[in-house]
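Here's the structure we're looking at; comments come further down.
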Amino acid sequence: MEIGAYIGFNVEFSALVWPLGALSDHVGRRGLLIGGMLVFAAVYGGLAVADAAWEAYPLLATYGLYLAATDGVGKAFVADHAPAALSGTADSAFSLLAGGCALIASTVAGVVYERVGHGVPFAIGAASARLPGPSRCGGNVARRLHLACQGLRLDTRASGRAIQHARDQQALRDAPRSRSLQTTQSTTSGRIGHLTGQTMRVYRGTPRRRRFLRRLLLALAALFLVVAVSFAFAVWKLHQGLEEVQAANTPADRAVVEETAGGALAASSPITFAIFGVDRRKGDTAPRSDTTILVRLDPRRHTLSQLALTRDWAVPIPGHGNGILTWAYHFGGAALALETIRAQTGIRPNFAVEVDFDSFRRTVDAFDGAYMEIDRRYYNHNTGGATNYTDIDLQPGYQHLRGAAALTFVRFRHSDDDPVRIARQQLFVAAFKRRLDPITTSTHLYELLGIATSSLKLLGRHKASEVEILRWIELARSIPRQNAISVRCDVIPYPKNHSWFSITPSALATCIHAFLQPDTTAATRASADVARPARPGSPSTPIPPSQTIVTEPGRDLGRYQATARAAHLRLYLPSRLPVGAFTRDPQFRQSADPFRVYRVDGHRAVHVTYSYPAAIFGNAAFGFQAIAWSAPPILDAPTASRTFAGRRYDLYLDGARITRIAWHDGGVSYWVSNTLLLALSNETMWSVATSFRPVPKE
């Protein structure tokens with residue numbers, strides 16, 4: 001909201017500075033200066049008693065009216081009282097004096113602000129504005145400048161009168177005798193004192209200009225009023241919405257507040273959120289948490305770490321015996337889920353965020369979705385029979401994913417396991433983070449506020465202010481890719497129920513440490529190990545792979561050539577692939593074509609799907625992507641770059657594991673992506689990526 005208030009201040013100043021300056025030419029400077037200082041006093045008086053940030057925002061916007069009424073008008077006031085020949089010197093002297101006073105006043109106000117309190121300097125400013133006003137002070141300064149140059153001013157006035165008198169006499173001699181008195185008056189600039197003994201001025205068209213100026217000022221005043229009222233209403237509405245989102249109105253909400261940590265946080269303190277994606281189905285009296293993610297923002301280290309906890313994690317649930325994590329939310333809501341998490345991990349979040357799937361979909365749509373790569377074909381059509389799962393229909397490849405499709409993608413789990421779904425969720429979070437920006441947030445403020453108040457809860461020991469929330473959003477947006485760490489705990493099947501998972505104490509300790517103390521240098525070290533620079537004078541060679549084979553020279557050559565013709569794109573063909581890899585979809589081996597030709601927002605694209613035998617969760621997919629887009633968002637900010645065999649490769653890592661290796665050629669971007677669970681080693685990814693060669697023409 002600080003940005004919005006500052007924008008409102010500048011818009012108001014820009015809209016009113018010229019009309020008020022023009023008005024001062026007709027009604028006088030003194031009245032406008034006094035009025036401006038009264039506005040100044042009112043604003044500073046309001047800031048002195050304001051207790052909440054939202055109360056200060058309308059005052060800051062109104063501050064633009066004071067500046068518009070005093071900035072240009074004050075300079076003109078000085079010029080009115082200064083000799084014409086020294087108007088520049090007078091203005092400079094006045095600016096120097098005003099700047100010096102402002103420097104002294106700002107220094108004193110800063111000391112008082114820090115030592116006494118925020119309200120005192122504003123109260124002093126408001127009181128001083130009611131003392132001998134700027135018109136009197138400005139007049140005194142101008143008069144002193146006037147006295148210093150009195151002799152020169154008298155000479156200037158005498159010269160001006162002599163010149164004007166000569167011009168009037170010449171005009172009278174040149175005017176025809178048959179012209180009417182009014183015409184003669186107009187020709188001599190309205191002066192006929194030499195003919196009639198008195199002076200008269202005639203302004204042709206002046207009433208029309210005055211009416212236009214009056215209407216313009218009224219229109220601008222009305223516009224200012226509408227803007228000010230709208231801005232004040234928006235600030236009030238935002239404050240009310242945040243109050244509603246954070247209101248602990250029920251015993252369940254108050255229990256969540258008690259399970260969160262501490263009081264108000266310093267701006268530099270790390271903050272942890274527990275985000276619960278709630279599955280509220282029609283008729284359910286006790287919903288479950290379909291998703292549980294811990295997110296930690298650390299302003300000092302400038303890191304964002306997220307730890308996704310599998311819903312099927314077998315844990316002791318306080319008061320309910322052994323079960324899985326999602327049951328904790330089902331039995332006792334977010335409060336019991338937080339207690340369970342704290343008992344198992346020792347982590348006590350500062351805030352709990354409860355969000356349902358409809359608000360997730362609407363929020364994603366408000367930011368116009370996210371660009372991300374889908375690893376394979378996802379399809380299910382619910383017929384109401386035994387497979388009572390959500391409908392989904394997604395093709396593989398890099399694409400623009402919007403709300404409904406994004407929701408089905410992150411929730412999908414009926415042909416794989418929860419750890420794979422967690423990987424999809426973290427992949428989407430990373431893609432969606434790139435969509436966060438202040439412009440989109442401000443332009444969809446009302447929509448986002450409506451989503452929040454209808455289906456979101458933000459609960460903690462203290463209520464977050466608008467300033468804090470904006471600071472969190474900006475911090476999350478500004479964190480570089482290599483400092484955004486996704487943590488997943490290694491799981492094993494639970495012995496008593498193979499649909500559940502267990503985490504060993506050592507594996508749990510490892511992922512908790514990685515979450516609380518993310519290693520931002522792991523990606524740099526890993527990329528240096530895999531693609532270490534060649535010694536000067538020696539050719540670069542990749543590290544010998546441990547999982548690759550040399551494919552047959554003609555394998556898939558015909559398919560690649562046909563795909564290149566269909567897409568009108570220059571494609572590359574790999575000469576090395578991991579052992580056991582096949583050019584096919586791991587789930588739809590017969591019905592899904594691994595070579596897909598399509599468009600992404602008008603950009604020609606090709607995606608090739610490869611199946612790879614994963615160790616625990618069955619076959620996984622990795623892929624090759626080509627798109628006629630020189631800078632797709634997914635390739636922003638690579639972790640490292642290296643040139644090998646005359647080609648530059650960009651490496652993208654999540655922690656110490658390579659997720660993607662990309663290169664560019666003639667405005668087309670190419671990359672190889674790892675599996676969702678990063679089953680391919682760094683050496684294998686490097687060996688496969690560097691083996692791609694241009695597809696020869698037929």
Side-chain angles (χ1 to χ4, degrees), residues 373 375-376 396-398 526-534 538-564 567 569-586 594-596 605-614 619-627 634-635 638-653 657-666 668-675 678-698:
E373 184 177 9
D375 60 320
R376 62 174 180 83
Y398 184 64
S527 61
D529 290 340
V530 173
R532 63 171 59 97
S538 64
S540 300
T541 57
I543 295 175
S546 59
Q547 300 175 335
T548 58
I549 59 171
V550 178
T551 64
E552 301 87 351
R555 178 176 173 178
D556 298 325
L557 175 59
R559 294 298 311 274
Y560 269 95
Q561 289 175 330
T563 303
L569 279 177
R570 185 187 189 191
L571 297 184
Y572 283 74
L573 173 72
S575 60
R576 286 189 295 265
L577 287 172
V579 174
F582 294 93
T583 315
R584 67 187 181 194
D585 189 287
F595 290 83
R596 184 189 175 206
V606 169
H607 185 272
V608 182
T609 306
Y610 287 92
S611 174
Y612 179 72
N619 289 339
F622 69 96
F624 164 67
Q625 179 77 49
I627 184 169
I634 196 173
L635 300 184
T639 307
S641 299
R642 187 205 173 178
T643 300
F644 170 68
R647 183 189 301 163
R648 171 179 164 170
Y649 295 92
D650 293 329
L651 281 65
Y652 300 82
L653 287 87
R657 301 301 300 274
I658 293 179
T659 61
R660 187 171 297 104
I661 299 179
W663 67 96
H664 304 270
D665 184 9
V668 181
S669 300
Y670 307 88
W671 66 84
V672 180
S673 294
N674 208 333
T675 69
L678 308 180
L680 301 181
S681 68
N682 289 353
E683 293 80 9
T684 299
M685 284 290 295
W686 177 253
S687 182
V688 170
T690 55
S691 75
F692 275 81
R693 298 292 181 267
V695 174
K697 296 182 179 180
E698 297 179 86

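Tested against F692, the residues Y649, F644, F624 include a single ring-ring contact (aromatic ring centres under 6.0 Å, His included) partner, F624. Each of T684, V688, L680 was checked for a side chain to side chain contact (heavy atoms under 4.5 Å, CB included) with N674, and the lone residue meeting it is L680.
Between the side chain of Q625 and the backbone N or O of V672, no donor-acceptor pair lies under 3.5 Å. In this structure a side-chain-to-backbone donor-acceptor pair under 3.5 Å is missing from S687 to E683. The backbone N or O of P396 sits less than 3.5 Å from a side-chain atom of R596, completing a donor-acceptor pair. Not one N or O on the side chain of T675 forms a donor-acceptor pair closer than 3.5 Å with the backbone of A620.
Rounding to the nearest 0.5 angstrom, the gap separating the CZ atom in R642 from the CH2 atom in W663 is 15.0 Å. Atoms OG1 and CD1, from T690 and I661 in turn, are 7.5 Å apart once rounded to the nearest 0.5 Å. To the nearest 0.5 Å, the span separating CZ on R660 from CD1 on I634 amounts to 3.5 Å. With rounding to the nearest 0.5 Å, the separation of CG in N682 from CG in L651 is 8.5 Å. Summarising the geometry, atom CG belonging to L577 is positioned 8.0 Å from atom CG belonging to D556; distances are rounded to the nearest 0.5 Å. Interatomic distance, I627 CD1 to H607 NE2, rounded to the nearest 0.5 Å: 11.0 Å.
The two residues R376 and P586 come nearest to each other via the heavy atoms CD-CG, 3.8 Å. Of all non-hydrogen atoms in P613 and G580, the two that sit nearest each other are CD-O, 3.4 Å. When every heavy atom of M685 is checked against every heavy atom of S673, the shortest pair comes out as CE-C, 4.0 Å. Residues A626 and L571 come closest through the heavy atom pair CB-CD2, 3.8 Å. For the pair A621 and D375, the tightest heavy-atom approach, listed with the atom from each and the gap, is CB-O, 3.6 Å. Taking every heavy atom of both residues into account, L678 and I658 meet most closely at CD2-O, 4.0 Å.
With sequence neighbours excluded, no residue satisfies salt bridge (Lys or Arg N to Asp or Glu O under 4.0 Å) with D585. Considering only residues two or more places apart in sequence or on other chains, R647 meets the salt bridge (Lys or Arg N to Asp or Glu O under 4.0 Å) condition with none of them. Every residue meeting the side-chain contact (heavy atoms from CB on, under 4.5 Å) condition with R570, not counting sequence neighbours, appears here in chain and number order: Y572, D665, Y670, P694. Partners of Y652 according to the ring pair (Phe, Tyr, Trp, His ring centres under 6.0 Å) rule, which considers only residues two or more places apart in sequence or in another chain, do not exist here. Residues passing the salt bridge (Lys or Arg N to Asp or Glu O under 4.0 Å) test with R657: none are found, sequence neighbours excluded. Not counting sequence neighbours, the partners of F595 by the ring pair (Phe, Tyr, Trp, His ring centres under 6.0 Å) test are Y560.
Donor-acceptor pairing under 3.5 Å is recorded for the side chains of S641 and R648.
Contact annotation: the side chain of L635 never approaches that of D650 to less than 4.5 Å [non-hydrogen atoms, C-beta and beyond]. Looking at heavy atoms from C-beta onward, Y610 lies out of side-chain contact with P578 at the 4.5 angstrom threshold.
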